[in-house]
Visitor: 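Got a structure for you, written out below as structure tokens; questions coming shortly.
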Amino acid sequence: MMIYEDARRWQYTVRPGLGGTSFSVFYRKPKKSWHSVRALPWHDREIDAEADLIAYANKHQMKKVEE
């Protein structure tokens, strides 16, 4: 699982939605729960959501913290 972190230490990753058939980018503040990034679309394939995550992370100059 790819996890990126921004300057505020918020983390971003791809997670499945309810039912596990759609995927989107989610974020969490330190020691909080995950929430969907509303500005990004949901996808039927995890790989498409991961492409959104990579583009979003690059645009916002995030660093990769885990794979």
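Here the structure is a predicted model, which is why all the values come from computation and not from measurement.
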Visitor: Shortest non-hydrogen contact from S33 to R28?
Guide: O-CB, 3.4 Å

Visitor: Is there a side-chain contact between E5 and I3 in this structure, where contact means two heavy atoms from C-beta onward sitting under 4.5 Å apart?
Guide: no

Visitor: D6 vs Q61, test: side chain to side chain contact (heavy atoms under 4.5 Å, CB included). Steps then yes/no.
Guide: CA-CA 7 Å; D6 67 12; Q61 300 174 345; over 6 Å; no

Visitor: Going from CD1 on I47 to CG on L53, what distance comes out if it is rounded to the nearest 0.5 angstrom?
Guide: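 Reported value, rounded in 0.5 Å steps: 12.5 Å.
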
Visitor: Answer yes or no: are there more than 12 heavy-atom neighbours, outside R8 itself, under 6.0 Å from its atom CZ?
Guide: yes

Visitor: Hey, does the side chain of S22 reach the backbone of H43 with a donor-acceptor pair shorter than 3.5 angstrom?
Guide: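 Absent.
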
Visitor: What are the two closest non-hydrogen atoms of Q11 and V65, and how far apart are they?
Guide: NE2-CG2, 4.4 Å

Visitor: Are E46 and V14 packed together at the side-chain level, in the sense that at least one heavy-atom pair is separated by less than 4.5 angstrom?
Guide: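 Yes. Closest side-chain heavy atoms under 4.5 Å.
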
Visitor: For the residue pair S36 and F26, what are the closest heavy atoms and their distance?
Guide: N-CD2, 3.4 Å

Visitor: Considering non-hydrogen atoms only, spot the tightest contact between L40 and S24 and give its length.
Guide: O-OG, 3.9 Å

Visitor: Side-chain contact, heavy-atom cut-off 4.5 Å: W34 with R15?
Guide: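 Yes; the side chains approach each other to less than 4.5 Å.
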
Visitor: Could you work out, with side-chain hydrogen bond (donor to acceptor under 3.5 Å, both in side chains) as the rule, every residue matching Y4, not counting sequence neighbours?
Guide: none

Visitor: Take a 6.0 Å sphere around CG of D44 and say whether it holds more than 12 heavy atoms from other residues, nucleotides or ligands.
Guide: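 12 or below, so no.
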
Visitor: Does a sphere of radius 6.0 Å around NZ in K64 hold more than 12 heavy atoms from other residues, nucleotides or ligands, not counting ones at 6.0 Å or beyond?
Guide: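 Yes - once you tally the heavy atoms of other residues, nucleotides and ligands closer than 6.0 Å, there are more than 12.
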
Visitor: Does the ring center of Y56 lie less than 6.0 Å from the ring center of Y12?
Guide: yes

Visitor: Look at the rings of W10 and Y27 and say which category their plane angle falls in: under 30° parallel, 30 to 60° tilted, over 60° perpendicular.
Guide: parallel

